[in-house]
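Structure record follows, encoded as structure tokens.
Scope of the values below: all heavy atoms of this structure, side chains included, with no hydrogens, waters or symmetry mates. Along the sequence shown, residues are numbered consecutively beginning with 1.
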Amino acid sequence: MIKLWSVKKDEEAANKKKPRMTAAQLRVQKDLTELELPSTMTTHFPDPADVLNFTLTITPDEGIYKGGVFRFTFVIGGGYPHEPPKVRCTQKIYHPNLDLEGNVCLNILREDWKPVLNLSSVMIGIQYLFLEPNPDDPLNKEAAEDLRRNREGFIQNVKNSMKGGTVKGETFDRVLKA
């Protein structure tokens with residue numbers, strides 16, 4: 001009888017040491033388990049024990065941004081999935097839907113977020129912005145106007161900016177694959 005009691009106490013002590021997973025962590029774990037990324041996207045977890053903070057790398061294989069390597073940080077708060085993840089581009093790039101600080105203009109990261117959406121939805125949405133930039137919902141109004149008025153000029157500005165060049169007085173990060 002005494003041995004059973006000590007085993008139970010040891011079990012309880014071990015359970016107290018294990019951090020409890022939050023609802024957000026459980027949902028992120030589920031999202032990541034179901035994630036099927038195309039070859040143009042990879043995730044990286046700087047701290048494998050922390051599923052709420054990671055990076056996504058997108059390397060478009062078609063479209064205007066082909067040949068670039070774009071990195072995004074994902075920070076998922078305790079309110080996930082009722083609140084969207086916070087996503088930022090770590091590089092300064094010339095894009096109508098990304099401002100110069102890396103904020104991303106994607107409707108499902110703002111007003112159209114719903115708890116039924118998942119990390120895959122967000123990642124695919126971001127990738128789609130590189131295939132089809134949306135000048136009608138811009139964060140970088142100059143780039144959007146450029147795209148609307150002169151698509152060929154916009155494409156040249158994107159190519160120049162991806163090389164680390166300057167567009168309209170603003171210098172951008174080099175994002176071309178090595």
Side-chain angles (χ1 to χ4, degrees), residues 28 31-32 34-46 51-77 80-81 83-114 116-178:
V28 168
D31 285 2
L32 293 173
E34 296 171 352
L35 200 58
E36 291 182 20
L37 293 177
S39 61
T40 56
M41 288 195 263
T42 57
T43 55
H44 173 70
F45 293 82
V51 295
L52 300 180
N53 295 283
F54 61 93
T55 60
L56 170 71
T57 302
I58 297 177
T59 54
D61 60 0
E62 58 183 294
I64 299 169
Y65 292 89
K66 180 180 179 176
V69 179
F70 306 96
R71 290 185 182 80
F72 294 84
T73 58
F74 277 65
V75 177
I76 301 166
Y80 184 81
E83 297 169 3
K86 304 232 182 307
V87 181
R88 291 181 71 116
C89 184
T90 63
Q91 301 130 310
K92 186 174 174 183
I93 63 173
Y94 186 72
H95 193 292
N97 307 110
L98 301 170
D99 69 15
L100 301 178
E101 286 78 47
N103 295 307
V104 180
C105 185
L106 184 64
N107 63 331
I108 62 172
L109 289 175
R110 299 185 331 248
E111 71 275 1
D112 291 340
W113 177 259
K114 293 173 181 48
V116 296
L117 295 171
N118 58 23
L119 292 175
S120 179
S121 306
V122 174
M123 293 174 183
I124 298 299
I126 294 169
Q127 183 179 38
Y128 188 73
L129 290 177
F130 286 101
L131 299 175
E132 288 295 325
N134 180 3
D136 299 325
D137 188 18
L139 275 181
N140 182 335
K141 292 182 185 359
E142 278 189 11
E145 194 59 33
D146 199 10
L147 175 55
R148 273 195 293 268
R149 286 191 178 165
N150 178 3
R151 186 171 176 85
E152 286 308 310
F154 173 77
I155 291 170
Q156 283 310 113
N157 284 339
V158 168
K159 300 290 182 215
N160 184 38
S161 69
M162 287 174 56
K163 294 175 187 169
T166 302
V167 176
K168 300 180 182 182
E170 198 71 51
T171 303
F172 293 87
D173 292 339
R174 179 177 165 75
V175 294
L176 293 175
K177 276 193 251 186

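Under the rule for a side chain to side chain donor-acceptor pair (under 3.5 Å), the partners of Ser121 that lie at least two apart in sequence or sit in another chain are Asn118. Judged as a salt bridge (charged side-chain N to carboxylate O under 4.0 Å, His left out), and not counting sequence neighbours, the contacts of Glu34 are Lys30. Evaluation of the salt bridge (charged side-chain N to carboxylate O under 4.0 Å, His left out) rule for Asp31 yields Arg27 as partners, not counting sequence neighbours. Taking the side chain to side chain donor-acceptor pair (under 3.5 Å) definition, one finds that Glu111 meets it with nothing, sequence neighbours left out. For the ring pair (Phe, Tyr, Trp, His ring centres under 6.0 Å) test, residues two or more places apart in sequence or in another chain that qualify with Phe54 are Phe45, Phe74. Asn140 pairs by the side chain to side chain donor-acceptor pair (under 3.5 Å) definition with nothing, not counting sequence neighbours. For Val69, the side-chain contact (heavy atoms from CB on, under 4.5 Å) partners are Thr57, Thr59, Arg71, Lys177, not counting sequence neighbours. For Arg88, the side chain to side chain donor-acceptor pair (under 3.5 Å) test picks out Asn103, with sequence neighbours left out.
The 12-atom threshold is not exceeded at NZ of Lys66, counting heavy atoms of other residues, nucleotides or ligands nearer than 6.0 Å.
Rounding to the nearest 0.5 angstrom, the gap separating the CD atom in Glu142 from the CG atom in Asp99 is 12.5 Å. Note that the CG atom of Leu37 and the OG1 atom of Thr43 stand 6.0 Å from one another [nearest 0.5 Å]. Note: Thr42 OG1 to Met123 CE = 10.0 Å, rounded to the nearest 0.5 Å. From Ile58, atom CD1 reaches atom CZ of Phe70 across 9.0 Å, with rounding to the nearest 0.5 Å.
Smallest separation of non-hydrogen atoms from Val104 and Cys89: CG2-N, 4.4 Å.
Under a 3.5 Å cut-off, the side chain of Trp113 and the backbone N or O of Pro85 do not form any donor-acceptor pair.
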Only distances under 3.5 Å count here; give the side-chain donor-acceptor pairs of residues 124-139 to other protein atoms, sequence neighbours excluded, each with its distance to 0.1 Å.
unit_1 : atom_1 : unit_2 : atom_2 : d
Gln127 : NE2    : Thr40  : OG1    : 2.4
Asn134 : OD1    : Asp136 : N      : 2.9
Asp137 : OD2    : Arg110 : NH2    : 3.4

Report all side-chain donor-acceptor pairs from residues 166-176 shorter than 3.5 Å, counting only partners two or more places apart or in another chain.
unit_1 : atom_1 : unit_2 : atom_2 : d
Thr166 : OG1    : Thr171 : OG1    : 3.0
Glu170 : OE2    : Lys92  : NZ     : 2.4
Asp173 : OD2    : Lys92  : N      : 2.8

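Two residues are said to be in side-chain contact when any heavy atoms from C-beta on lie closer than 4.5 Å; Leu117 and Val122 fail this criterion. At least one side-chain heavy atom of Leu119 sits under 4.5 Å from a side-chain heavy atom of Ile76. For the pair Val158/Ile155, no side-chain contact is recorded, criterion being any heavy-atom separation below 4.5 Å from C-beta on. Between Ile64 and Met162 there is no side-chain heavy-atom pair separated by less than 4.5 Å.
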Trace of the ring-ring contact (aromatic ring centres under 6.0 Å, His included) decision for His95 with Tyr65: CA-CA 9 Å; His95 193 292; Tyr65 292 89; 5.0 Å; yes
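Contacts classified as ring pair (Phe, Tyr, Trp, His ring centres under 6.0 Å) and involving residues 138-171 (residues at least two apart or in different chains) are given here: Tyr94-Phe154.
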